[in-house]
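I have placed the structure first, in the form of structure tokens, so that the comments after it can refer back to it.
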There are 2 protein chains.
Amino acid sequence: MKTRNTLQKNIILEQARRLHHPTAEEVYEAVFQVHPSISRATVYRNLKRLSEEGAISHVRLPDGADRFDSMTQKHYHIRCTECGRVFDVDMPYFSGLEDKIADKHGFDVNGHDITFVGLCPDCKIKKKRGQ
Amino acid sequence: MKTRNTLQKNIILEQARRLHHPTAEEVYEAVFQVHPSISRATVYRNLKRLSEEGAISHVRLPDGADRFDSMTQKHYHIRCTECGRVFDVDMPYFSGLEDKIADKHGFDVNGHDITFVGLCPDCKIKKKRGQ
DNA sequence: ATTTATGCAAATCATTTGCACATAG
DNA sequence: CTATGTGCAAATGATTTGCATAAAT
């Protein structure tokens with residue numbers, strides 16, 4: 001099946017790129033501002049297609065809704081336990097990590113993900129203020 | 001609030017420990033065999049309590065339902081992309097990993113998780129047979 | 001006796017799907 | 001023209017919650 005170039009798809013890509021690790025819902029809200037007849041299903045479908053086509057990447061985290069990222073190279077993420085926001089981690093990617101475990105388990109290891117959790121700078125300040 | 005020792009809680013712990021990285025649904029099914037009046041809500045509530053109390057650990061993965069693990073020390077997991085089963089990874093825990101990123105982001109980093117994905121030995125065989 | 005836990009059904013949250021209609025190629 | 005995409009509403013899957021009743025301390 002060849003994929004088409006629709007108005008909706010373009011706006012969704014634009015907003016997914018403009019926002020910072022948005023969830024599908026956040027993309028929906030942004031697209032809604034400029035194209036109010038958009039439906040959530042269209043946003044979900046296009047985010048899926050766009051990541052299959054490699055225009056964005058689909059970030060699945062161990063908690064909460066999936067997010068989308070304009071940075072398509074492999075890298076790690078950190079999630080704030082307080083506000084839930086997600087940031088890129090500036091740490092080199094462990095390209096050799098898979099090989100270290102393959103033999104021990106008999107798995108064909110295809111990839112890995114590292115997710116850090118912690119308290120982001122903004123939430124640290126809010127917490128300090130609160131007490 | 002102090003937590004009570006109920007029949008249900010004991011059976012849930014026993015089954016969660018006996019099974020291998022079960023989902024809540026798998027625990028429910030196992031408990032149902034011995035105590036058919038069990039409700040899913042009770043299973044979810046007790047798995048949550050048991051992991052808060054440290055009897056089991058709550059494993060959140062970037063895909064699919066949460067799982068529970070009798071191995072309560074920190075360690076990594078690998079998930080088969082074909083059958084979805086989860087296994088422990090026999091690789092030393094990176095205890096110093098958080099420190100490496102803290103300064104660059106202003107986060108208070110509290111932990112990390114590594115999830116590997118790949119094809120498990122059983123699914124490798126099934127795939128080979130299928131073609 | 002009092003408080004916590006259970007079972008049920010309904011609610012919630014993220015995401016997917018079926019289907020009739022619209023539109024890009 | 002015809003296949004692919006859209007919008008809607010309903011379905012799905014995982015998990016949580018409100019509430020009346022039951023059981024543990």
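Sequence lines set the chain letters: A, B, ... in the order given, protein chains first and strands last, and positions in each chain run from 1.
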Terminal axis angle for the helix from C:dA1-D:dT25 to C:dG25-D:dC1, five pairs an end, nearest 10 degrees: 30°
Can you tell me how far apart CG (B:D63) and CG (A:L61) are? Round to the nearest 0.5 Å.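 One gets 11.0 Å once the value is rounded to the nearest 0.5 Å.
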Interatomic distance, B:H77 atom NE2 to B:H21 atom NE2 [nearest 0.5 angstrom]: 3.5 Å
Is there a side-chain contact between [X] and the phosphate of [N], meaning an N or O under 4.0 Å from OP1 or OP2?
{"X": "B:R49", "N": "C:dT6", "value": "yes"}
{"X": "B:H35", "N": "C:dG7", "value": "yes"}
{"X": "B:Y44", "N": "D:dT15", "value": "yes"}
{"X": "A:N5", "N": "D:dG5", "value": "no"}
{"X": "A:T42", "N": "D:dG7", "value": "yes"}
{"X": "A:Q8", "N": "D:dG7", "value": "yes"}
{"X": "B:T3", "N": "C:dT4", "value": "no"}

Are the side chains of A:E26 and A:T23 in contact, using a 4.5 Å heavy-atom criterion? yes
Got B:H112 and B:F94 here, is their nearest side-chain heavy-atom distance under 4.5 Å? yes
Rounded to whole Å, how long is the line connecting atom [atom1] of [X] with atom [atom2] of [N]?
{"X": "B:L61", "N": "D:dA14", "atom1": "CG", "atom2": "C1'", "answer": "14 Å"}
{"X": "B:L50", "N": "C:dT6", "atom1": "CG", "atom2": "P", "answer": "10 Å"}
{"X": "B:D63", "N": "C:dT15", "atom1": "CG", "atom2": "P", "answer": "10 Å"}
{"X": "A:R67", "N": "C:dA14", "atom1": "CZ", "atom2": "P", "answer": "10 Å"}
{"X": "B:I11", "N": "D:dA23", "atom1": "CD1", "atom2": "P", "answer": "14 Å"}
{"X": "A:D66", "N": "D:dG13", "atom1": "CG", "atom2": "C1'", "answer": "14 Å"}
{"X": "A:L47", "N": "C:dA14", "atom1": "CG", "atom2": "C1'", "answer": "13 Å"}
{"X": "A:N46", "N": "C:dA24", "atom1": "CG", "atom2": "P", "answer": "13 Å"}

Cut-off 3.5 Å, no hydrogens considered: what does the side-chain donor-acceptor table look like for residues 42-49 of chain A, sequence neighbours left out?
| residue | atom | partner | partner atom | Å |
| --- | --- | --- | --- | --- |
| A:N46 | ND2 | A:T42 | O | 3.0 |

Pick base, sugar-phosphate or nothing for [X], based on heavy-atom distances below 4.0 Å to the nucleic acid.
{"X": "B:S37", "value": "sugar-phosphate"}
{"X": "A:A41", "value": "base"}
{"X": "B:L7", "value": "nothing"}

May I ask you to check whether B:F116 and A:F107 place their ring centers less than 6.0 Å from one another?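 For B:F116 and A:F107, the ring centres are not under 6.0 Å apart.
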Between C:dT15, C:dT4, C:dA24, which one does the side chain of A:R4 approach most closely?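 Nearest listed nucleotide: C:dA24.
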In terms of side-chain heavy atoms of B:R45, which of D:dA24, D:dG18, C:dA24 is nearest?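 Within the option list, the nearest is D:dG18.
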With nearest nucleotides of DNA chain D determined for B:E25 and B:T6 from heavy-atom distances, which residue corresponds to the more 5′ nucleotide?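 Upstream on the strand: B:E25.
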Between B:E82 and B:K124, is there a salt bridge with N-O shorter than 4.0 Å? no
Does CD belonging to B:Q33 count more than 12 external heavy atoms closer than 6.0 Å? yes
